[in-house]
Amino acid sequence: MEYPPLVIPQTLAAGPGPGNTDPRVLERLYQTGVADHMQKDVVRGMIEAKIMLREVFGTKNAHTFGVAGTGFSGLDCMLSMILPGDRVVVFVNGTFSGIDGLTIRMKAATQEELAADSLNPQTANVIIVDIPHGQSVTGNIVDEALAEHKPMWAFMAHWETGSGRVNDVQGFNNACAKHGALGLVDAVSSLGIEDFDIDEYPAVVAWASCPQKGILCLPLTYAPVSFRDEAIELLKQRGCRTYGHHPILEARHWGIINGEDGAPTYHRTHSCYSVAAFHEALRILLGYGRAQKAVDYAYHEKALRQAVEAMGCEVTSNMTSLVVLNLPGKLAGSEKDLVAACREQNFGIWPTLSSPVQVRIGILNQLNQDAITDIVGRFADAMLKMGAGFNKEKVMQGLAEYYSAN
Ligand SMILES: *Cc1c(COP(=O)(O)O)cnc(C)c1O
């Protein structure tokens, strides 16, 4: 059997992630020469990326670096601090915090609990607090659960991409501080989109993000993570069961040695291509400005939201990079067909991955009027084709008016 070369078309990535890759990132990727992981420019790139990441996170944490892989690689690194038998409270309000909860149950499970159901262990010491889809985790919910269960760790997603909901990280931080829990946050969907400094939430001892959403570095690169010193101290005392994702060992290659910046030492073979791409993505983000980016996301999300509402959809999300919506009554139930029809046209929107079925349209790296107009136009066409009853011209005119008025 012969395998023809793989040709992947250019699509409009308008889902929850990945975001559209900036041509500058791709240029760095393919104009980089082959060089090993200890070559001086590769090492310099990693050190500079580490320093830029501290700015992106808004932190002085020495242990701020990238974990090779996707968002779940960074989360795995962070959640490796949880050991069998640890008591953890996990707040779940959608697909991703649900998967994080599974990761935590796997890590905190006793040997017996893991063996009883290895792919979905029921872990007595892990309390999953389910918040209905479409709702946010509030400070009150966290406070009550931590008061009742007195855990060692508490976990939450900052922005839950499954349902498009922003959770209350200030309330989470305050409740962790009040009840003496070590906070852990999945910031996969918020880093690089919302303007926040993690150092303002000192009860959250570690954060994990991803390359492909706010950082916009899909060429498989690095999941940013950041650990407070007290987390690293605890880790030193107790250890954790991974080499590849060990936060202290992994940090060494980024030049973080004994809690301070120093000369990088080998941990694993980092790709010169990935380092160059990641470095460029961070330069682009900081050049644009974290605060400006957050403002622009909110501005363009509002344009998209108003346009889909004008088509009769009901928006249930409050993230600024993503709109999660219910189709108008007549089309309810055809969400998956609609999404499939759009994807057939290389217009990459998504359904929700857990029930209820909704449509998700994202605007990662689509921060201009033309891009939003393209997304709205394509979505309008797809809805009309399925029998929706609105006037497309009116919708497009409303969108143009939003932009000219603001
Ligand atoms: C996208 C996402 C993940 C998973 O990231 P991958 O890059 O697919 O591994 C985890 N958590 C949240 C909140 C996400 O939005």
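For ligands, and for the atoms within them, numbers begin at 1 and follow the listed sequence.
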Practice item. Please say whether the positively charged group of Lys213, taken as NZ for Lys or CZ for Arg, lies over the ring of Phe96, i.e. under 6.0 angstrom from the six-membered ring centre and within 45 degrees of the axis. Key: yes
Practice item. Kindly determine whether Glu233 and Lys236 satisfy salt bridge (charged side-chain N to carboxylate O under 4.0 Å, His left out), including the steps that lead there. Key: CA-CA 5 Å; Glu233 276 312 311; Lys236 257 193 218 156; 3.3 Å; yes
**Study point:** First-shell residues of ligand 1 [heavy atom, distance under 4.0 Å]
**Key:**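 The answer is Thr70, Gly71, Phe72, Leu75, Phe96, Trp159, Thr161, Asp186, Val188, Ser189, Gln212, Lys213, counting any residue whose heavy atom sits under 4.0 Å from ligand 1.
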Practice item. Grab the two heavy atoms, one from Pro224 and one from Pro211, that are nearest each other, plus how far apart they are. Key: CD-N, 4.3 Å
Check your understanding: When you look at CG of Asp117, are more than 12 heavy atoms from neighbouring residues, nucleotides or ligands closer to it than 6.0 Å?
Key ->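 Yes, the 6.0 Å shell around CG holds more than 12 heavy atoms from other groups.
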Check your understanding: Any side-chain heavy atom of Val225 sitting closer than 4.5 Å to one from Phe65?
Key -> yes
Please output the side-chain donor-acceptor pairs of residues 352-368 that fall under 3.5 Å, not counting sequence neighbours, one pair per line with the distance.
residue, atom, partner, partner atom, Å
Thr352, OG1, Ser354, O, 3.3
Thr352, OG1, Pro356, O, 2.7
Thr352, OG1, Gln358, N, 2.9
Ser354, OG, Thr95, OG1, 2.8
Gln358, OE1, His133, NE2, 2.6
Gln358, NE2, Thr316, OG1, 3.0
Gln358, NE2, Asn326, OD1, 2.9
Arg360, NE, Pro351, O, 3.1
Arg360, NH1, Thr161, O, 2.9
Arg360, NH2, Pro351, O, 3.2
Asn365, ND2, Asn20, O, 2.7
Asn368, OD1, Asp370, N, 3.2
Asn368, OD1, Ala371, N, 2.8

